[in-house]
Amino acid sequence: MEREKMKAAVFYGPRNLKIDSVPIPKVGPNDVLMKVKACGICGSDLHSYKLGLFIEQGQIMGHEYVGEVVEIGANVKDVQIGERMTGQGTKPCGTCYWCKRQEYGYCPDVFHTLIGYGRPGAFAEYVLLQDAVIDQTLFRIPNCIDDETAATAEPFSVGVSAVNSTGIKKGDKVVVLGAGLIGNGCMQAAKAVGAQVLITDISQQRLELAKKLGADDVFNVNNGDPVEWVKAKFGHGPYHFHEGKDAGGMADIVIDAAGVPSTPQQAIKMVKSGGTICIVASAEEPAPIDTLAINLKGIRWVSGLGGGIGSAIPYLANGQMKSKELITHRFSLEQIQEGFETQLRAGESMKVMITF
């Protein structure tokens, strides 16, 4: 690289991002350097921005990105200069209890080596993907997918993962709590396999977008009780010792993409006996839950943290999942503080994209 420095948004503390000039990452033999073309602000980025969660001072955030390859390490195969790519590599320690069992996703080091958390992220002119392996940590973007859509492959992969982990199939009755980008991705992934999907939120704008993109029905929780609404749509489901007015709903699967204290309890009430609840949201505070109802209803709980980025790319390419309509605001890197403040205002924004 001819240039030695790049511009990057550096985290100095809650609600304090500054544009600094920092060294362009050096490319090792197993790495790929990309010039960033677009990077979305994620919900987990908001937790970091507001409260300093998940990251340390001096971190460059940003993990929902697409970039153009500008430098390739000597050991990296099947990658060409100029190709558009996205990726999210991590490096398990290899020695802990979970690594020895080949359950690498549980390694305590995984989160600390993710781009945007432990490693420098893509709110910068360049981002380095270490340990790059095509179709494993690094993914090629087809020409039919534009840059901004490509930058949503990572969050939309959460929806694909939620469908796979819960076993959603054609004809299932699904409720998604939260109609942000992740919730919309979950809804679209469930619709892609033929499920009937309801979605709730506090933002009418987000609900209208969800309806436009395929939700069977939507509900603004400011206007009433979402549990009663689900019962009216999917039926009443009496369970042991709880009948009549205390009956729950009959959703087969409930996906919590809201991450507020009230939604796990709503999910417990909405799901049928023997049903499944998937938590995909990263909550800022613990939620009170009715463990007796969980026990009596035999509810199956599934974690939906993260997804394989490559799983969403075919859906975006063939149009089964659409994200372009969900991008409501665009800001330059120099405007990133304004971008984060806009993303915090859920009533007026859906997805904020930083473009280069």
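Note that the numbering runs from 1 along the sequence shown for the chain.
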(request) Specify the closest pair of heavy atoms between Ala8 and Ile60, including all atoms of both residues, with the distance to one decimal. (result) CB-CD1, 3.7 Å

(request) Check whether the side chains of Thr90 and Thr113 place a donor and an acceptor atom closer than 3.5 Å, and report yes or no. (result) yes

(request) Please round to the nearest 0.5 Å and tell me the distance separating atom OG of Ser161 and atom CD1 of Ile309. (result) 12.0 Å

(request) Give the intermediate values and the outcome of side-chain contact (heavy atoms from CB on, under 4.5 Å) for residues Ile24 and Lys5. (result) CA-CA 5 Å; Ile24 293 175; Lys5 296 281 189 177; 5.7 Å; no

(message) Would the distance check show the side chain of Asp31 and the main-chain N or O of Val27 forming a donor-acceptor pair, the cut-off being under 3.5 Å?
(response) no

(message) Measuring from atom CG of Leu138 to atom CD1 of Ile134, what distance do you get when rounded to the nearest 0.5 angstrom?
(response) 4.5 Å

(message) Determine whether Thr152 and Leu326 satisfy the following criterion, side-chain contact (heavy atoms from CB on, under 4.5 Å), listing intermediate values before the conclusion.
(response) CA-CA 10 Å; Thr152 66; Leu326 302 176; over 6 Å; no

(message) Would you say that more than 12 heavy atoms from the other residues, nucleotides or ligands in this model lie under 6.0 Å from the CG of Leu305, or not?
(response) no

(request) For the residue pair Ser332 and Gln335, confirm or rule out a side-chain donor-acceptor distance under 3.5 Å. (result) yes

(message) For Gly87 versus Leu129, what's the shortest heavy-atom pair and its separation?
(response) C-CD1, 4.2 Å

(request) Look up atom CZ in Arg15 and atom NZ in Lys50, then write down how far apart they are to the nearest 0.5 Å. (result) 7.5 Å

(message) Val70 vs Ile81, test: side-chain contact (heavy atoms from CB on, under 4.5 Å). Steps then yes/no.
(response) CA-CA 5 Å; Val70 294; Ile81 297 292; 5.5 Å; no

(message) Between Glu154 and Thr86, is there a side-chain heavy-atom distance shorter than 4.5 Å?
(response) no

(message) Within the structure provided, determine whether Leu344 and Tyr49 are in side-chain contact (heavy-atom separation under 4.5 Å).
(response) yes

(message) Tell me whether Met321 shares a hydrophobic cluster with Ile168, the cluster being built from Ile, Leu, Val, Met, Phe, Trp, Tyr side chains joined at under 4.5 Å.
(response) yes

(request) Report yes or no: do Gln204 and Asn220 form a side-chain donor-acceptor pair below 3.5 Å? (result) yes

(request) Work out which heavy atom in Ile115 is nearest to a heavy atom in Gly62; give both atom names and the distance. (result) CG2-O, 3.5 Å

(message) Has Asp217 got a side-chain atom pairing as donor or acceptor with Leu198's backbone, closer than 3.5 angstrom?
(response) no

(message) Please check this pair: side chain of Lys351 against backbone of Gly40, looking for a donor-acceptor N/O pair closer than 3.5 Å.
(response) no

(message) Looking at Lys231 and Met270, would you say the former's side chain and the latter's main chain have a donor-acceptor pair under 3.5 Å?
(response) no

(request) For the pair Glu148 and Lys324, find out whether any cationic side-chain nitrogen is under 4.0 Å from an anionic carboxylate oxygen. (result) yes

(message) Could you check whether any side-chain heavy atom of Ser165 comes within less than 4.5 Å of a side-chain heavy atom of Cys278, counting everything from C-beta outward?
(response) yes

(request) Evaluate the side-chain proximity of Gln188 to Phe156: yes if any heavy-atom separation is below 4.5 Å, no if none is. (result) yes

(request) Indicate, with yes or no, if the rings of His112 and Tyr117 have centres closer together than 6.0 Å. (result) no

(request) State, yes or no, whether a side-chain contact exists between Ile253 and Ile255 at a heavy-atom distance under 4.5 Å. (result) yes

(request) Could you tell me whether the side chains of Asn30 and Asn75 share a donor-acceptor contact shorter than 3.5 Å? (result) yes

(message) Taking the side chain as everything from C-beta on, heavy atoms only, tell me whether Ile313 gets closer than 4.5 Å to Ile141.
(response) yes

(message) Can you confirm whether Ile327 sits close enough to Glu325 that some side-chain heavy atom of one is under 4.5 Å from a side-chain heavy atom of the other?
(response) no

(message) Tell me whether the count of non-hydrogen atoms from other residues, nucleotides or ligands lying under 6.0 Å of NZ in Lys269 goes above 12.
(response) no

(message) Around atom CZ of Phe111, are there more than 12 heavy atoms from other residues, nucleotides or ligands closer than 6.0 Å?
(response) yes

(message) Please determine whether side-chain contact (heavy atoms from CB on, under 4.5 Å) holds for the pair Val22 and Met6, giving the CA-CA distance in whole Å, both sets of side-chain angles, and the decisive distance to 0.1 Å.
(response) CA-CA 6 Å; Val22 303; Met6 66 177 183; 3.8 Å; yes

(request) Answer whether the closest heavy-atom distance between the side chains of Glu68 and Met34 falls below 4.5 Å. (result) no

(message) Nearest 0.5 Å, please: how far is CZ in Arg140 from CE in Met85?
(response) 4.0 Å

(message) Can you confirm if the aromatic rings of Phe123 and Phe340 lie within a centre distance of less than 6.0 Å?
(response) yes

(message) Using modelled atom types and a 3.5 Å cut-off, is there a donor and acceptor pairing between side-chain atoms of Glu64 and backbone atoms of Cys39?
(response) no

(message) As an exercise, state the distance from CE of Met353 to OG1 of Thr355, rounded to the nearest 0.5 Å.
(response) 9.0 Å

(message) Assigning hydrophobic clusters by single linkage (Ile, Leu, Val, Met, Phe, Trp, Tyr; side-chain heavy-atom cutoff under 4.5 Å), is Val254 placed with Leu296?
(response) no

(message) Using a 3.5 Å distance criterion without hydrogens, assess whether the side chain of Glu125 forms a donor-acceptor pair with backbone atoms of Lys7.
(response) yes

(request) Search all heavy atoms of Ala210 against all heavy atoms of Ile199 and return the closest pair with its distance. (result) CB-CG2, 3.9 Å

(request) Could you tell me whether Arg84 and Asp146 have a side-chain N and a carboxylate O separated by less than 4.0 Å? (result) no

(message) Please determine whether residues Leu213 and Ile145 belong to a single hydrophobic cluster, defined as Ile, Leu, Val, Met, Phe, Trp and Tyr linked transitively by side-chain heavy-atom distances below 4.5 Å.
(response) yes

(message) By the definition salt bridge (charged side-chain N to carboxylate O under 4.0 Å, His left out), identify the one residue from Lys211, Lys191, Lys233 that meets it with Asp216.
(response) Lys191

(request) Say whether, by atom type as modelled, one donor and one acceptor occur between the side chain of Glu83 and the main chain of Gln80 under 3.5 angstrom. (result) yes

(request) For Ile182 and Ala257, work out which heavy atoms get closest and say how close. (result) CG2-CB, 4.3 Å

(message) Going by salt bridge (charged side-chain N to carboxylate O under 4.0 Å, His left out), Asp252 matches just one of Lys170, Lys173, Lys272. Which one?
(response) Lys272

(request) Decide, yes or no, whether a salt bridge links Glu348 with Arg345 under the criterion of side-chain N to carboxylate O below 4.0 Å. (result) yes

(request) Examine the side chains of Gln59 and Tyr12 and answer whether a donor and an acceptor come within less than 3.5 Å of each other. (result) no

(request) Please report the shortest heavy-atom distance between Val174 and Ala195, naming the atom on each side. (result) CG2-CB, 3.9 Å

(request) Report yes or no: is the cationic atom of Lys37 (NZ for Lys, CZ for Arg) closer than 6.0 Å to the six-membered ring centre of Phe356, at no more than 45° off its axis? (result) no

(message) Is it true that Tyr126 and Glu71 share a donor-acceptor pair across their side chains at a distance under 3.5 Å?
(response) no

(message) Would a single hydrophobic cluster contain both Phe139 and Ile72, if residues Ile, Leu, Val, Met, Phe, Trp and Tyr are joined by side-chain heavy-atom contacts under 4.5 Å?
(response) no

(request) Spell out, as yes or no, whether a donor-acceptor pair under 3.5 Å connects the side chain of Asn222 to the backbone of Ile202. (result) yes

(request) With rounding to the nearest 0.5 Å, note down the distance linking OG in Ser323 to CG in Leu209. (result) 12.0 Å

(message) Hydrogens and angles aside, do Ser48 and Asp45 bring a side-chain donor and acceptor to less than 3.5 Å of each other?
(response) no

(message) Please check this pair: side chain of Ser311 against backbone of Val160, looking for a donor-acceptor N/O pair closer than 3.5 Å.
(response) no

Which side-chain N or O atoms in residues 91-102 pair as donor and acceptor under 3.5 Å with protein atoms at least two apart or in another chain?
from, atom 1, to, atom 2, distance (Å)
Tyr97, OH, Arg101, NH1, 3.4

(request) Look at the side-chain heavy atoms of Ile, Leu, Val, Met, Phe, Trp and Tyr, link any pair under 4.5 Å apart, and say whether Val158 and Tyr315 land in one connected group. (result) yes

(message) Between Ser282 (side chain only) and Ser44 (backbone N and O only), is there a donor and an acceptor less than 3.5 Å apart?
(response) no

